[in-house]
Amino acid sequence: MIPPAFEYLRPATIPEAISLLQQYGDDAKILSGGQSLIPMMKLRLARPAYVIDINRIAGLSYINEEDGNLKIGGLTREAEVEHSPIVAAKFPILVDTAHVIADPQVRNLATIAGNLAHGDPANDHPATMLALGARIVATGPKGERTIAVEEFFVSLFTTALQPDEIVTEIRVPVPPPRSGGAYFKLERKVGDFATAAVAAQVTLDGSGNCQRVGIGLTNVGPTPVKARNAEAFLLGKKLDEANIRQAAQLASDEAQPSSDLRGPAEYKRGLVKELCARALSRAVERADK
Ligand SMILES: Cc1cc2nc3c(=O)[nH]c(=O)nc-3n(C[C@H](O)[C@H](O)[C@H](O)COP(=O)(O)OP(=O)(O)OC[C@H]3O[C@@H](n4cnc5c(N)ncnc54)[C@H](O)[C@@H]3O)c2cc1C
C-alpha cells in the first residue's frame with residue numbers, strides 16, 4: 001500500500017516544528033515513531049499534506065526522576081522504557097505495559113508520547129497513565145501547559161491537544177513507599193492490540209489498607225476508561241480477595257465494550273473482571289515487597 005503524496009518537513013527545533021504546525025494547521029501531522037501514522041497513511045485513513053518529522057529535534061529523548069516525577073521525553077521509545085533501570089525500580093507497571101506493545105521492532109521506534117497523542121483506545125499506555133495519574137506536557141506557541149491524563153482523551157482518536165501543540169514530556173508522580181502496580185492484557189496473538197487489558201496501581205497505608213488506587217481499562221470503550229466506581233469502592237479498604245473481586249465486578253460494569261472481531265461485548269466484560277482482579281492482586285504483591 002502506498003500513501004498519498006505529501007511534503008516531508010524536518011524541523012531542527014521545537015519552535016520551528018510549532019511554527020510549521022501553525023502554518024499548515026489541519027493539513028499537517030507530526031511524525032515521531034511512525035508506527036501508527038505510517039500504517040494509517042498507507043491505508044489512506046490519514047492523508048496529511050505535510051508530515052512534520054520531529055525525530056531530529058535534540059533533547060527530547062530521556063527518562064529521569066526529578067521533582068517527585070518520572071519524566072519521559074517526547075521522543076522516548078518504548079524499548080527505552082522497557083529496559084530502563086529507573087522505570088523498573090519504581091514503575092513495574094510501565095515495564096509490564098511497554099513489554100506487551102507490539103513486537104521489539106515496533107518498540108524500537110514507537111514513542112510513549114505518540115502512543116498517547118494518537119488517542120487510540122486500543123493503545124496500552126493510556127490506561128496505565130490513567131492508573132498512575134500522569135500529566136501530559138503539551139508545548140505550543142504560548143509555551144508549555146500540562147494536561148491531567150484523565151482530561152486528555154476526549155473521544156475516539158481525539159485528544160485535548162490543540163492542532164499547534166506537541167507532546168514534549170510525560171510526567172508520572174513517583175509513588176510513595178508501599179506502592180505497586182501491574183498491567184494485564186489479553187491479546188489474540190503476540191503483537192496484537194488488546195482484546196481487553198487492565199492497569200492497576202495501589203498505595204497501602206500503615207495498616208495495609210488502600211490509601212490510593214488507580215484503575216485504567218484498555219480497548220473497552222471509545223476512549224480509555226478510568227474505573228472510578230471500582231477505585232472509590234477500594235479506598236480505605238483491605239485489598240483482600242473479596243474486595244478485589246467486588247472492585248473487579250465494578251470495573252467490568254464500567255467498561256463499554258463493543259462486539260467485534262476480537263469477541264462479543266459480554267466476553268470482554270468478563271475479561272475485564274478477571275484481568276482487573278489479577279492486576280490488583282499483582283499490584284498488592286508488589287506494594288507489599
Ligand atoms: C504491528 C503493530 C502492532 C502494534 N501493537 C500495539 C499494541 O499492542 N499496543 C499499543 O499500544 N500500540 C501498538 N501499536 C502502535 C504503536 O505503539 C504506535 O507506534 C504508537 O501507538 C504511536 O507512537 P509513534 O511514536 O509511532 O507515533 P506516530 O505513528 O509517529 O504518530 C501517531 C499519531 O500521534 C501524533 N503524534 C506523534 N507524536 C506526537 C507528539 N510528540 N506530539 C503530538 N502528536 C504526536 C501523530 O501526528 C499521529 O497522529 C502497534 C503498531 C504496529 C505497527
Side-chain angles (χ1 to χ4, degrees), residues 1 3 6 8-11 14 17-18 20-21 24-43 45-57 59-61 72-82 94 96-129 136-140 144-145 147 152-153 156-170 183-197 199 216 218-219 224 262:
M1 300 279 272
F6 59 88
Y8 175 75
L9 304 163
R10 207 178 68 189
I14 295 171
I18 292 167
L20 289 169
L21 282 174
Y24 296 118
D26 284 345
D27 288 336
K29 279 272 180 206
I30 293 288
L31 173 81
S32 42
Q35 299 303 296
S36 291
L37 182 60
I38 300 294
M40 287 191 76
M41 287 170 65
K42 286 183 167 184
L43 292 168
L45 295 169
R47 295 166 167 265
Y50 300 89
V51 170
I52 304 172
D53 181 351
I54 59 171
N55 282 280
R56 303 292 170 94
I57 298 179
L60 268 184
S61 183
I72 300 174
L75 273 177
T76 304
R77 317 283 163 177
E78 297 294 350
E80 294 172 84
V81 164
E82 191 184 0
L94 277 174
D96 288 354
T97 307
H99 188 64
V100 292
I101 289 178
D103 49 52
Q105 288 93 328
V106 170
R107 297 200 290 272
N108 282 337
L109 285 171
T111 64
I112 293 76
N115 195 282
L116 298 170
H118 192 45
D120 184 346
N123 277 359
D124 291 296
H125 278 295
T128 293
M129 294 300 174
I136 317 290
V137 180
T139 304
E144 271 183 18
R145 68 179 179 121
I147 308 166
F152 190 72
F153 303 105
L156 192 65
F157 292 108
T158 307
T159 69
L161 281 178
Q162 294 300 312
D164 54 6
E165 285 181 321
I166 298 174
V167 176
T168 47
E169 189 171 274
I170 298 119
Y183 188 67
F184 274 71
K185 167 175 174 177
L186 187 97
E187 52 197 352
R188 291 175 302 178
K189 59 181 172 52
V190 172
D192 192 18
F193 288 90
T195 303
T218 298
N219 215 7
R262 290 190 172 84

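Remember, it's 1-based here, ligands and their atoms both numbered in the order they're listed.
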Assign the ring pair H118 / F157 to parallel, tilted or perpendicular, where the plane angle (0 to 90°) is split at 30° and 60°.
-> perpendicular
Check whether any side-chain N or O of R107 sits under 3.5 Å from a backbone N or O of H99 as a donor-acceptor pair, and report yes or no.
->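 Side chain of R107 to backbone of H99, a donor-acceptor pair under 3.5 Å: yes, one is there.
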Test item: K29 side-chain N/O and L37 main-chain N/O as donor-acceptor pair under 3.5 Å =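 It does not hold such a pair.
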For [X] versus [Y], what's the shortest heavy-atom pair and its separation?
X	Y	value
G114	S32	CA-OG, 4.2 Å
I57	A17	CD1-CB, 4.1 Å
L75	S61	O-OG, 3.8 Å
G119	F153	CA-CD2, 4.4 Å
T218	A127	OG1-CB, 3.2 Å
L31	I38	CD1-CD1, 3.9 Å

Atoms of ligand 1 less than 4.0 Å from [X] heavy atoms?
X	result
L161	43 (C)
K29	47 (O), 49 (O)
N123	10 (C), 11 (O), 12 (N), 21 (O)

Just need the protein heavy atom nearest to [atom], so name the residue and atom and give the distance.
atom	value
atom 19 (O) of ligand 1	Q35 CB, 2.8 Å
atom 11 (O) of ligand 1	D124 N, 2.8 Å
atom 25 (O) of ligand 1	T111 OG1, 2.6 Å
atom 50 (C) of ligand 1	F193 CZ, 3.6 Å
atom 17 (O) of ligand 1	N115 ND2, 3.4 Å
atom 44 (N) of ligand 1	A117 CB, 3.5 Å
atom 48 (C) of ligand 1	I30 O, 4.0 Å
atom 33 (C) of ligand 1	H118 ND1, 3.5 Å

Could you check which of [options] puts a non-hydrogen atom nearest to [atom]?
atom	options	value
atom 3 (C) of ligand 1	S32, G33, A102, A194	A102
atom 42 (N) of ligand 1	T159, I112, T168, V167	V167
atom 28 (P) of ligand 1	G114, A122, G191, G34	G34
atom 20 (C) of ligand 1	A127, A28, A98, S36	S36
atom 2 (C) of ligand 1	T128, V106, L116	V106

Only one of N123, D124, T128 clears side chain to side chain donor-acceptor pair (under 3.5 Å) with T97; which?
-> T128
Taking heavy atoms and a distance under 4.0 Å, where does K185 meet ligand 1: side chain, backbone, both or neither?
-> side chain
Which bit of D192 gets closer than 4.0 Å to ligand 1, counting heavy atoms only: side chain, backbone, both or neither?
-> backbone
Taking the side chain as every heavy atom from C-beta outward, state whether F152 and L116 have any atom pair closer than 4.5 Å.
->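 In contact.
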Within less than 4.0 angstrom of ligand 1, does H125 place any heavy atom?
-> no
Does A110 reach ligand 1 with a nitrogen or oxygen that is under 3.5 Å from one of the ligand's nitrogen or oxygen atoms?
->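 Looking only at distances, the answer is no, because the N/O contact criterion of under 3.5 Å is not met.
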Looking only at N/O atoms, are E165 and ligand 1 under 3.5 Å apart anywhere?
-> no
R188, CZ: over 12 other non-hydrogen atoms inside 6.0 angstrom |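 Counting neighbours around CZ of R188, more than 12 heavy atoms of other residues, nucleotides or ligands fall under 6.0 Å, so yes.
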State whether the number of non-hydrogen atoms from other residues, nucleotides or ligands found under 6.0 Å of D26 atom CG is greater than 12.
-> no
